[in-house]
Amino acid sequence: MSLAQVHYTSAAPGDEGTAGRFTAVGPGVSGTLLAEIEPLLRHELPDGVADRPSDGELRSLPQPFTYATLSDGSRLVSRSAPVRDTADGTGPGVRFHAHAVHLPPGVPLPGDRLPVEAWRSPHWVAVTPDGAIPDPLALPPGPTAVSEGLDDFAVSRGPWLAAVLADLRRASGPKEPGGRPVVLVERQCADVARWLGLASVTLPRECAERLTFTTYTRRPGSSAMRVVGMLPEDAEAARAAGLRVHVCTGQAPPGAGTDDVWATTAARVWRSRSPELFREARELPGEPFAAGPLAVTALCAGIALGPDGRTAAAGWAADRPYALDAKRTGQLVEALTSPGIDDRTGPEFDSAGRLFGALEGRCPASVTAPLAAMLVTEAVRGGNGSLELPHRDAFVGPEGAEVAERLAPEILTELGDRAGPRSVARTVQLLRVARLLGVDGTDALPGVVDRLAPALLAEAEEESGAGAEGLPGFAPALLELLDEQFEVRTALLGALDRLAPEDPGAVARFLERVALPFTGTQALPHLRMCAEVPGAMATLGGDRAAVWHRVLRAAGLSPFAEPLVLRTAVGLVWEDRAPTVEEARLLLDAATSDSHRAAGTWARLVDAALGASAAEPPVGPSPASTDEAAALAHDLLRGFPGEIGGRERAGLLLLDLVRELRTGAPEPGWAETVRTLCAQADPVEPALRERAHTALVERLLAPDRPGAELYDFVHGDDAELIAAYDRTARTETVRTRLRTQPAYAADCFTVWTAHPHAGRSWPPVAAALLDEVLRPAVRAMSAEDVAEVEATVGRTGSSGRADAFRTWNRVSTLGRLGRRIAGRVRRG
């Protein structure tokens with residue numbers, strides 16, 4: 001099929017108002033297409049072109065080579081060349097002559113070539129021919145001139161190679177780039193064409209065919225091409241337009257690389273002058289631009305890759321262990337395990353571990369042994385705790401013995417170091433490697449598990465505090481370790497069981513996240529309690545006493561036989577709270593004082609007693625719980641005389657004194673005892689102080705209080721105690737007693753008038769009580785009761801005291817009478 005050719009001559013510089021013109025148009029190219037083609041063939045000369053350039057200067061001007069798609073699906077391949085302004089070469093200016101070939105829709109290039117292969121076709125012309133000429137796209141069979149020197153060019157452009165290939169890959173996608181071409185800045189159009197030649201070899205054919213391009217333009221922002229070439233002097237304008245610009249001349253700028261692993265690997269292949277590997281890689285399964293197939297092909301060919309490339313290769317082969325034959329599998333393993341590599345990364349080791357797992361059993365152990373040795377060595381020396389370790393039979397013959405001999409001293413030294421290993425994952429990894437290599441760590445095991453047990457709890461708490469949920473990161477490897485090594489499981493569970501009484505809440509939270517296997521014959525009472533508490537809490541809700549009984553039963557031991565189960569049970573149920581008085585009484589009765597003393601739980605009982613005293617300030621008579629707290633304090637003082645001291649002892653003695661003040665006959669010196677104990681218990685809870693004061697003053701306001709105690713109280717001049725007396729004397733209980741018991745009213749009158757000069761605090765309080773409490777009570781009495789009060793005052797005091805009562809009462813009566821008269825006057 002003969003393809004239509006088009007010739008076009010542009011206007012010369014300075015020809016104002018003159019447009020270019022088509023000088024020859026082949027058949028089948030419509031006027032509509034010509035209007036679309038013309039902008040593609042029109043070019044601007046670079047700045048600074050001489051008016052009469054020499055032949056050398058003329059040849060050095062850009063010769064744009066273009067491949068474009070048109071709106072009807074047809075395509076255009078063209079080359080433009082600078083020519084003299086006139087046919088005889090005597091004109092003053094320079095213009096472009098464009099020679100183009102039109103490809104109808106669906107018609108491939110002759111020989112199924114790619115457009116860039118016609119770049120150096122000898123049939124392009126710079127003048128309009130008189131007759132038919134050969135088709136520039138009809139090239140002879142075999143490699144085209146575009147392939148010549150690509151290896152050298154790729155090596156010369158090494159610093160830019162990966163970044164440009166990455167952008168060319170993106171530009172070759174199914175979607176149009178939307179007017180945002182990739183800009184390649186070179187001094188020669190030929191070098192831009194060489195970039196496109198690299199792309200034609202590197203990219204899959206369907207992608208290379210989508211790369212429309214022109215090797216020279218001065219207006220990249222308005223170009224519809226996917227790739228455009230520019231001269232260095234125009235690069236800054238392209239950057240200002242926000243285009244992706246690669247200046248591939250001079251020194252490479254910092255950051256000229258890319259994180260595209262495929263592009264980085266492709267660049268290494270080109271620098272190794274092995275472009276045939278691209279075809280081999282495309283024969284392997286995988287996505288067109290997956291890095292794995294190309295990386296595997298490169299490694300098998302002996303090309304060194306970086307960590308990302310090796311990671312991609314190992315990961316791809318791990319997912320497709322059947323895709324490589326035995327020879328290439330061996331080559332890949334050899335390349336990945338080369339002793340000269342010193343920049344392996346964690347992801348690379350993880351991929352290598354996956355590859356080992358995929359090849360194990362498919363390949364002879366002699367093939368996979370280098371992988372196993374590399375993984376084990378990294379596990380010991382690199383500290384990579386996430387590696388998937390090989391099985392014990394991964395080594396055969398001398399390989400295993402050599403690795404074990406090399407690594408055993410390092411493993412035992414680190415396991416035996418009391419300052420390390422630092423993390424759970426590291427410890428677990430070392431223990432697993434030790435077993436894998438047959439290293440005897442029996443002597444180091446007790447110390448290892450004693451350090452490992454608290455580290456488990458600490459790391460799990462740290463992860464939980466950071467918001468992590470589910471299994472801790474070290475849990476899968478830990479569970480594998482416990483499943484593999486019975487002796488480690490036994491020792492570690494024992495260490496955790498010994499640790500549980502110290503922090504049972506942390507152990508319980510750990511067991512909720514990590515289901516340790518302790519269903520065997522080991523007793524492990526504390527671990528069983530910690531495992532039981534979540535279910536008990538969920539089932540029994542807020543009944544902490546019932547939860548405590550259930551948790552204690554889970555231990556399988558009596559607190560009389562093993563007092564520490566008391567500590568664990570109390571810590572689980574009342575982890576951050578004190579028991580109530582009722583719960584504390586239950587705990588105290590559940591075991592002997594010796595058991596509580598050994599378990600240390602007596603301190604929780606003390607907290608319960610003192611906490612109950614501070615539960616709420618008393619109003620009127622103290623509630624029953626306070627009486628129970630006082631009784632509990634009494635029993636605690638008797639049961640733990642040597643353990644309770646300091647302010648706690650003073651607080652319990654204060655509670656015990658409250659009990660005696662209300663129910664018995666405490667030792668003399670009540671007020672002084674209260675003051676002394678409050679000082680010893682300082683800082684005493686305000687409510688406990690208030691209850692002690694209230695119990696004291698209630699007893700001093702009782703009809704049968706000893707006079708000596710009242711005298712000491714009044715003359716002690718303790719403002720705080722006297723204020724408590726004042727508050728209690730004003731309660732409804734005391735007022736009712738004053739109104740209904742003349743003898744009690746007489747007694748209070750005697751007390752409140754008997755010590756007029758007892759310090760500074762008592763006289764004003766006594767005077768106020770006479771006027772504000774006793775006087776209203778006496779007013780409310782019948783005349784007979786008032787007479788009885790007067791007689792009682794006389795009998796218990798003196799005639800002068802009786803006269804004082806009559807005078808005090810008369811003043812009250814006269815005042816009441818005066819108020820009545822004043823009322824009548826007002827009504828009149």
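Each residue takes its place number in the sequence, starting with 1. What you see below is based on every heavy atom in this structure, not just the backbone, and it leaves out hydrogens, waters and symmetry mates.
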*Hey, mind stepping through Arg638 and Ser593 against side chain to side chain donor-acceptor pair (under 3.5 Å) and telling me if it holds?*
CA-CA 10 Å; Arg638 287 194 311 168; Ser593 59; over 6 Å; no

*Between CG of Leu499 and CG of Asp450, what distance do you get to the nearest 0.5 Å?*
9.5 Å

*Are any side-chain N or O atoms of Glu348 and backbone N or O atoms of Arg310, one a donor and one an acceptor, separated by less than 3.5 Å?*
no

*Ignoring hydrogens and geometry, is there a side-chain-to-backbone donor-acceptor pair from Glu667 to Thr673 under 3.5 Å?*
no

*Polar side chain donor-acceptor pair, Thr580 to Arg544, under 3.5 angstrom*: no

*Would you confirm whether Ser423, through its side chain, and Arg426, through its main-chain N or O, come within 3.5 Å as a donor-acceptor pair?*
yes

_Check: Leu587 main-chain N/O paired with His596 side-chain donor or acceptor under 3.5 Å_ = yes

*Using a cut-off of 6.0 Å, state whether more than 12 heavy atoms not belonging to Glu405 lie near its atom CD.*
no

*When you measure from the side chain of Arg344 to the backbone N and O of Leu336, does any donor-acceptor pair fall under 3.5 Å?*
yes

*Could you grab the distance from atom CG of Leu355 to atom CZ of Phe349, nearest 0.5 Å is fine?*
13.5 Å

_Please report the interatomic distance CG(Leu481) to CD(Gln429), rounded to the nearest 0.5 Å._
10.0 Å

*Could you tell me whether the side chain of His549 reaches within less than 4.5 Å of the side chain of Leu552, counting heavy atoms only?*
no

*asked:* Does any part of the side chain of Glu484, heavy atoms only, come nearer than 4.5 Å to the side chain of Arg489, both counted from C-beta?
replied: no

*Lys/Arg N to Asp/Glu carboxylate O, Glu672 vs Arg675, below 4.0 Å*: yes

_Side chain proximity check, Pro666 to Arg699, heavy atoms < 4.5 angstrom_ = yes

_Quick check against the 3.5 Å criterion: does Gln680 have a side-chain atom that pairs as donor or acceptor with the backbone of Gly646?_
no

*Quick one: do the Glu583 and Trp548 side chains pair a donor with an acceptor below 3.5 Å?*
no

_Heavy-atom pair of closest approach, residues Asp656 and Leu637_ = CB-CD1, 4.1 Å

_Thr728 and Thr731: side chain donor to acceptor below 3.5 Å_ = no

*Is any NZ, NE, NH1 or NH2 atom of the basic residue among Arg604 and Asp607 found under 4.0 Å from an Asp or Glu carboxylate oxygen of the other?*
no

*asked:* Set out, in order, the CA-CA distance, both residues' side-chain angles and the distance that settles salt bridge (Lys or Arg N to Asp or Glu O under 4.0 Å) for Arg432 and Glu480, then state yes or no.
replied: CA-CA 9 Å; Arg432 297 186 67 199; Glu480 287 190 30; 2.8 Å; yes

*Walk me through it: do Leu516 and Leu496 pass the test side-chain contact (heavy atoms from CB on, under 4.5 Å)?*
CA-CA 11 Å; Leu516 294 181; Leu496 284 171; 3.5 Å; yes

_Heavy-atom side-chain proximity of Arg513 to Arg509 below 4.5 angstrom_ = no

*Any donor-acceptor pair under 3.5 Å from Asp712 side chain to Trp670 backbone*: no

_Could you go through Leu371 and Met374, starting from their C-alpha distance and side-chain angles, then the distance that decides it, and tell me whether this counts as side-chain contact (heavy atoms from CB on, under 4.5 Å)?_
CA-CA 5 Å; Leu371 272 176; Met374 183 185 76; 4.0 Å; yes

*Rounded to the nearest 0.5 Å, what separation is found between the CD1 atom of Ile722 and the OG atom of Ser761?*
4.5 Å

*asked:* To check you understand the geometry: which heavy-atom pair defines the closest contact between Phe474 and Ala460, and what is its length?
replied: CE2-N, 4.2 Å

*Do Leu456 and Leu478 come close enough that some side-chain heavy atom pair is under 4.5 Å?*
yes

*Just by distance, do the side chain of Glu463 and the backbone of Gly473 share a donor-acceptor pair under 3.5 Å?*
yes

*Taking all non-hydrogen atoms of both residues into account, name the closest pair between Arg662 and Thr694 and its distance.*
NH2-CG2, 4.4 Å

*asked:* For Leu527, is there any backbone N or O sitting under 3.5 Å from a side-chain donor or acceptor partner on Asp497?
replied: yes

*Under a 4.5 Å cut-off applied to non-hydrogen side-chain atoms, are Leu572 and Met529 in contact?*
yes

_To the closest 0.5 Å, what do you measure between CG (Leu657) and CZ (Arg659)?_
9.5 Å

_Measuring only between side-chain heavy atoms, which start at C-beta, is Leu701 closer than 4.5 Å to Tyr725?_
yes

*Check against side-chain contact (heavy atoms from CB on, under 4.5 Å), Glu414 and Ile411*: CA-CA 5 Å; Glu414 187 170 349; Ile411 295 172; over 6 Å; no

*asked:* Taking salt bridge (Lys or Arg N to Asp or Glu O under 4.0 Å) as the cut-off, I'd like each qualifying pair that reaches into residues 520-543, sequence neighbours left out, listed once.
replied: Glu532-Arg550

*With sequence neighbours left out, which residue pairs that include part of residues 642-655 fulfil the salt bridge (Lys or Arg N to Asp or Glu O under 4.0 Å) condition?*
Arg597-Glu643

*Which atom names give the shortest non-hydrogen contact between Pro534 and Glu512, and what distance separates them?*
CG-CG, 3.6 Å

*CG of Leu412 to CG of Leu407: how many Å apart, nearest 0.5 Å?*
11.0 Å

_Taking CD in Glu575 as the centre, count heavy atoms belonging to other residues, nucleotides or ligands within less than 6.0 Å. Is the count above 12?_
yes

*Please check if any side-chain donor atom of Thr592 sits under 3.5 Å from a side-chain acceptor atom of Asp594, or the reverse.*
no

*Given Phe713 and Leu710, is the side-chain contact (heavy atoms from CB on, under 4.5 Å) satisfied, shown in steps?*
CA-CA 5 Å; Phe713 167 76; Leu710 183 60; 4.3 Å; yes

*For the residue pair Arg689 and Asp682, establish whether any side-chain heavy-atom pair is separated by less than 4.5 Å.*
yes

*Please name the residue in the list Leu492, Leu430, Thr427, Val488 that meets the side chain to side chain contact (heavy atoms under 4.5 Å, CB included) test with Val448.*
Thr427

*Verify, without hydrogens or angle tests, whether Arg354 (side chain) and Ala318 (backbone) share a donor-acceptor contact under 3.5 angstrom.*
no

